Amino acid sequence: MRTNTSPITRQRLLSEANNIIRQHEDYLHGMEATEVEQKSGVLVFRGEFFLDKDGLPTAKTTAVFNMFKHLAHLLSDKYHLVD
């Protein structure tokens, strides 16, 4: 855990992450972070990946992956989970 980050609950972090997602220029309808965990100081976000009927990635999958990566970079430097 980094000592220069602020503590935050999982619920509050997901709320902030989803606000960031909705305001981002690359937002797609249905894009949402539903889970977050912390691994070695990095916040890892998860949610719907928009797979096709065969379970293969779609163009939306890349957008979601990039958004979750953006959230990890942006928020891992600010927060650490406390629950």
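What you see is a predicted model; the values in this text were computed from it and never measured.
Proximity of a side-chain donor or acceptor of T61 to a complementary backbone N or O of F49 within less than 3.5 Å is detected. In this structure, the side chain of S76 engages the main chain of L43 through a donor-acceptor pair within 3.5 Å.
The one candidate from I8, L13, T9 that meets the side chain to side chain contact (heavy atoms under 4.5 Å, CB included) condition with V82 is T9.
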Which pairs would a plain distance check flag for residues 29-36, meaning a side-chain donor or acceptor within less than 3.5 Å of a matching protein atom at least two apart in sequence or in another chain?
from, atom 1, to, atom 2, distance (Å)
T34, OG1, R46, O, 3.4

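For the atom pair CG (L71) and CE (M67), the distance works out to 6.5 Å, reported to the nearest 0.5 Å. Separation of atoms CG (D77) and OG (S6) is listed at 11.5 Å; rounding is to 0.5 Å. With rounding to the nearest 0.5 Å, the separation of CG in L75 from NE2 in H70 is 8.0 Å.
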**Request:** With side-chain contact (heavy atoms from CB on, under 4.5 Å) as the test, would you mind laying out the steps for V44 and F68 before giving the verdict?
**Result:** CA-CA 7 Å; V44 180; F68 290 167; over 6 Å; no

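Residue pairs meeting the side chain to side chain donor-acceptor pair (under 3.5 Å) criterion with at least one member in residues 19-28, sequence neighbours excluded, are N19-R22.
Residues passing the salt bridge (Lys or Arg N to Asp or Glu O under 4.0 Å) test with D54, sequence neighbours excluded: none.
Here the side chains of R12 and Y79 are not in contact, with every heavy-atom distance at 4.5 Å or above.
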